[in-house]
Structures are given as structure tokens and as C-alpha cells.
Amino acid sequence: MRLLRMFRRNVRDAFKSVSRNFSLSIASISCISITLIVVGLSLLLSFNVNNFADTIKKDVTIVAFLDKETTKEELENIKNKIQKMDNVESIEIKTKDEAKEEMIKESEFVSLTMPEENPLLDSYLIKVTDIEKIKDTVEEIKNIESISAINYGEQMVDKLISAFDLIQKITIIIVAILILVTVFLIINTIKLTIFSRKREISIMRLVGASNLTIKVPFVIEGMLIGVLGSIIPIGVIVYGYVVFYERMEGHIFSNIIKLIEPEPFIYFIALFILGIGILVGMIGSGRAVRKYLKV
Amino acid sequence: MDFISIKHANKIYKNGVTAIYDLSLKIKKGDFVFIIGGSGSGKSTLIKMLYREERPTSGEIIIGGLNVAKLRNSKVYKLRRKLGIVFQDYRLLPKLTVYENVAFALEVIGAKKEEIKTKTLKAIDLVGLKSKTRTYPTELSGGEQQRVAIARAIVNNPKLLICDEPTGNLDPDMSKEIVDVLETINREVGTTIIMATHDREIVNARKRHVIMLKDGRLIKDNEKGTYDNEIVENV
Ligand SMILES: Nc1ncnc2c1ncn2[C@@H]1O[C@H](COP(=O)(O)OP(=O)(O)O)[C@@H](O)[C@H]1O
Ligand SMILES: [Mg+2]
């Protein structure tokens, strides 16, 4: 009850001082808005990229070919051996006969030119649990005698992952810089409020207000700046994504990349943006309070 | 037991000025004490150490069993809730009415609404400003503003009221009024009062406990003292 009463007063005061220091507040709010739009875009991007990467990763298969001389028995033995490896999720045998049949089915040309003696090799189709460790697993399998060749479409996977990594790193740097600028602006906004209320603060201290009571109004003001700053970004990001999703009919580059469905995805993103806005506001005002209020 | 006990307190400011030198004194509960001395004699420094705005460089200051000298910054507010403090410049908030200024002291420590109302009205009544409850400080005389400050200082029923030159900005008539108000509080509520001043007339007229400082040293501690010209000039 008592907390609620003090909270209500603090929020009212926060609104007052945001409007009193209007130009600086607007600067802080705009800066936080820009930051949050970039944050929102990078969130949309990275969630979609992750979603896409996950679907690709599920499809990544190691194909390991065996020597020509491998017997049926060895084929089973090695299969069991690979099965027991750490990162191996599943393994399937594809015999040269199966491979031949598949090829013939797929193309008439092959069926005509395929010699009587099967030139193909027996192979394993292996799926891994952790795609990050696929290289180690491949090395391990390569070391088994009888394995003559191995491939897993490494370039495609590697390139994809490093491209996404780069995009993510760049956005993190941009966001970090924007957050720094925002925090700096918020510190200055709160500093003004603290100075304009110096007298009040000194009296509060004199009559025995606790440090928390003195600090909380300014932290609330910072949080209010954060909340006000996240309104436009949330609108832009939510509306933008829904429209984009509908325009693209749920996927980009024809059917290759599927977009995440807007609901409930965008609600989560909106909450995230709001959370970051409040957090940045709190950090900025917290710093200002520590610097300019020696309590 | 003495309410306030100061033992061998020294205060050396960062710039090297020694403002209080080996000060020891005792004040009883319910006492009315004048701290007197010329400008720069260390009155304000002593007062600041009492409400823990400054810390003594060495020695101890015990108020109601609490060693104020050792009090951590984060706990100072607990001491302040048990004290009332009044300054020469009133320190009121110009945008708040008399009532709001007094109630402010209770609001910021989170008191209940009914409690705030009864205590605030009582304090305003005690300083004789009942008719000015809704007035703003700028519409009041200096003496009235100081009475508002006193009401704010006593609104939470402190055991100790500390005043640093409360009459410093006031003419003799208003000064007398203020000291009358302080005496009323001392008599009726039993609040211990410490008042720093360099106003001879006030001190001589009241015959109260007088503590005299000169260059940071205690030079006189009389139960029923005066601001004796001879002593000031001879020491
Ligand atoms: N914050 C401070 N820093 C340095 N010196 C101070 C400070 N406050 C007071 N002094 C010095 O301490 C001495 C006592 O000052 P003060 O306690 O204000 O005396 P009074 O209140 O009796 O006039 C003076 O010499 C003054 O210059
Ligand atoms: Mg002084």
C-alpha cells in the first residue's frame, strides 16, 4: 500500500520532469527508438536465420563411401562402430545396388549407360546430433580403414553459418554503439532533473528519506524514457513484419527460406524490445544517480 | 545517562583547517542549549557532526546511545528520522504550500495518510501557523517561513531539534518569536534543543545552558550562561 502510494507519486513526477526537460527527453527517446528499431530488425533477422539454419541442419547428411572390396559382414561391423560414436544420431546403409536402382529411376540416360557390373560403392548415410562438431565426426569416420571417401556438403553449410555470423556481429556492434549513445543521453537527461531538484533532494536527505526513496524517482524516469522510446519501434517492427510476411506469402527466395509465422513470434519480439528499452533506461538513470547523487 | 556525549572530538577538513579541537561535552535530555561563538568558531561544524553531515576526524559523538561518528553513509537516514534540523535559510520548497512542506517530511519516509494529516496539523498548530496552512512560502514573512521549517523539523516527534543560526536572517522581533516557539516546543513536548547563534541579546535574555566555542575550542560550558562580552574579548 505504502509502496504503491510512493510508486504512483514517482510515476507522476517522472512524467512531469520528462515534459519539463522536453528537448533532452525527446533526444533520449528518439535515440532509444532508433536503437530499438535496429535491435528489432536484428532480432527478426537472427530468429529467422536460426529457424532456417535449424531446418538445413536437420537435412545435413554425411555420406561415407566404402572401399570396393568391403564385405557384407564388414559393412555391418563398421556400421555398428560408427553408430557408437558420440555425435552420431543415426546411420543407414545404402548398398551399391540400392544406389544403382535409385539412379536408374531418376534418369533414363543413366539407365541406358549403366554397365552390367555395378561401378558404384556401398555407402553410409549418417546424421549427427550437433552440427557444430560435424568436422570432428567426419575426421573420425575418415580414419576408419575401409572408408574411401566422405562428404557432407561442407562448403554450403560453412558459408551459410559464417555469413550469418558476420551479419550478427555487425548488428551487435551497431546496437552496442547505439546503446552507448543512448545511455549517455539518458544520463544527461536525468542529470538535468537531478539538478533541477537539488533542493528537494537535500531536504529529503535532511528529513531522513532512505537512499532508495531518493534514487527510485530518477530510475523510474529513466524507465519511463525507455518505455516511451519503445512504442514506435514496437509498432514499426510488429506492423512491418506482419505486412512483409503477407506480401511474401510466408517465404523468400521462392520456397527455400520459410519465414517464422507472425503469431505469436512478434508478441515475443515486442516484449523483448520493451524489455531492452526499460533496461537501457534503467542503466542510464542508474549511472546518472550514482554519479550525481552522492547517497 | 547523558542524551548527548561528545568525547575528544576533532575535525580537520580536507583543506587542513582544524574546525573543532579536542571537544568534550555532555547534554542532558530535555535541555535547551545555545552554542555560541563568533563567525568561524566551529558552530556549524559541530552541528553538522551531530546530524552526521560531517564525521569527526577523531573522537566519539554519542546521541541516545548511538555512536554517530561511526554511522555508515547508508544508515544516516535512520539517524535523521530521529532528529529535526533547522537552518538560517529555511530550506522550504517554494512550489508547495505550508501544509505540503511540513507533510513532505513524513511523505518521503512513507508515513500513512491519516498519520501525515494529524501530525502535520499538530506541528503547524504548535508553531502558530494554523491560519496559513494553504499559503505558499513566498507569501510569508521570514519569521513565518522559519516557523514552517521548525514545524517540518518537529513533525515526526524527534527527541532532538538542532538549529543552526535560525534567527540569522531575522529582525530582533521575529528572532524573539522564533526562540519563543523553540522554548514552547522544549517545554511542552520535552524535545532537547540545540541552537547555534551569535545573537547576544537572545542568549543573555534566556539564561540557558551555554556552550561557547572559539577557534574550534570549548571555552565555556555554563548551565545558566550568558553571551558575556568580557569573556569574548578577553580570551
Ligand atoms: N567544508 C569545509 N571545508 C573546509 N573548511 C571548512 C568547511 N566548513 C567550514 N570550514 C572552516 O572551519 C572553520 C569553522 O567553520 P564553521 O563551523 O562554519 O564556523 P561557524 O559556523 O561558527 O561560523 C572555519 O575556519 C571555516 O572556514
Ligand atoms: Mg555557521
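All values derive from a computational prediction rather than experimental measurement. Below, chain A is the first sequence line, B the second, and so on; all start at residue 1.
With respect to B:E183 and B:R208, a salt bridge is recorded, a charged nitrogen being found less than 4.0 Å from a carboxylate O.
Looking at B:E107, both its backbone and its side chain come within 4.5 Å of chain A, counting heavy atoms on both sides. For A:S210, the parts sitting under 4.5 Å from any heavy atom of chain B are the backbone and the side chain alike. With a 4.5 Å cut-off on non-hydrogen atoms, B:L92 touches chain A through its backbone but not through its side chain.
Evaluation of the salt bridge (charged side-chain N to carboxylate O under 4.0 Å, His left out) test over residues 191-201 of chain A, restricted to residues two or more places apart or in two chains, returns A:D13-A:R197, A:R197-A:E200.
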Before you tell me yes or no, could you show the steps for B:T45 and B:E54 under side chain to side chain donor-acceptor pair (under 3.5 Å), namely the whole-Å CA-CA distance, both residues' side-chain angles and the distance that decides it to 0.1 Å? CA-CA 7 Å; B:T45 303; B:E54 295 286 352; over 6 Å; no
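Partners of B:Y136 according to the side-chain hydrogen bond (donor to acceptor under 3.5 Å, both in side chains) rule, which considers only residues two or more places apart in sequence or in another chain, do not exist here.
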